[in-house]
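Beneath this line is the structure, given in structure tokens, with notes to follow.
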Amino acid sequence: MDKDLIKNMIRESLLSEKKVESKSKDKEDSNDKEEDEQRSKWYTDVQNALDKDKNPTAPSQVGVMKSMGIPDDKKGVNRSLWGKKLHRDKNDEGGVYEFSFDELAQIRAILGMR
């Protein structure tokens with residue numbers, strides 16, 4: 001075989017591998033973006049459902065917290081953390097308190113959201 005032909009074949013195979021890797025990375029980025037959008041929508045739904053100003057018949061936040069299996073302690077640490085997560089307050093490190101995706105799903109189930 002001709003050296004140039006072999007070089008071209010190797011280049012083509014390497015280029016096709018890079019394209020496949022690039023497509024899979026783009027797909028992962030797209031999935032992450034969709035998950036973030038879903039999470040934001042769920043957060044908004046949960047916040048609105050528990051907002052007494054917008055929904056006077058809303059269940060209490062502590063009631064939902066207890067339904068999740070989180071005990072109501074005397075010092076209020078669990079209530080405080082749960083409220084910070086609900087309202088996405090900033091923490092001392094510059095991050096944000098947030099519910100995990102599973103916790104949001106659990107809250108939505110308790111509130112009867114689909």
- Got a salt bridge between Arg88 and Glu98, using NZ or NE/NH1/NH2 to carboxylate O under 4.0 Å?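 Yes, charged N to carboxylate O under 4.0 Å.
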Do [X] and [Y] have side chains that get closer than 4.5 Å, going by heavy atoms?
X	Y	answer
Ile107	Tyr43	no
Phe101	Gln38	yes
Glu103	Lys85	yes
Val64	Leu111	yes
Trp82	Met68	yes
Leu86	Leu50	yes

Any donor and acceptor pair, going by atom type alone, linking the side chain of [X] with main-chain N or O of [Y] inside 3.5 Å?
X	Y	value
Ser80	Gly76	no
Lys52	Ala58	yes
Asn78	Asp72	no
Gln61	Gly83	no
Arg79	Asp73	yes
Arg39	Phe99	yes

- Message: My understanding is that only residues two or more places apart in sequence, or in another chain, count here; which of them pass side-chain hydrogen bond (donor to acceptor under 3.5 Å, both in side chains) with Lys54?
- Response: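 Scan of Lys54 (side-chain hydrogen bond (donor to acceptor under 3.5 Å, both in side chains), adjacent residues dropped) gives Asn48.
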- What are the two closest non-hydrogen atoms of Met113 and Ala49, and how far apart are they?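 Reported closest heavy-atom pair: CE-CB, 3.3 Å.
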- Task: State, without any angle test, whether Thr57 and Asn55 hold a side-chain donor-acceptor pair at a distance under 3.5 Å.
- Result: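 A pair is found: one side chain offers a donor N or O, the other an acceptor, under 3.5 Å apart.
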- Task: Can you measure from OH (Tyr97) to CG (Asn91) and round to the nearest 0.5 angstrom?
- Result: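 The OH atom of Tyr97 sits 5.0 Å away from the CG atom of Asn91.
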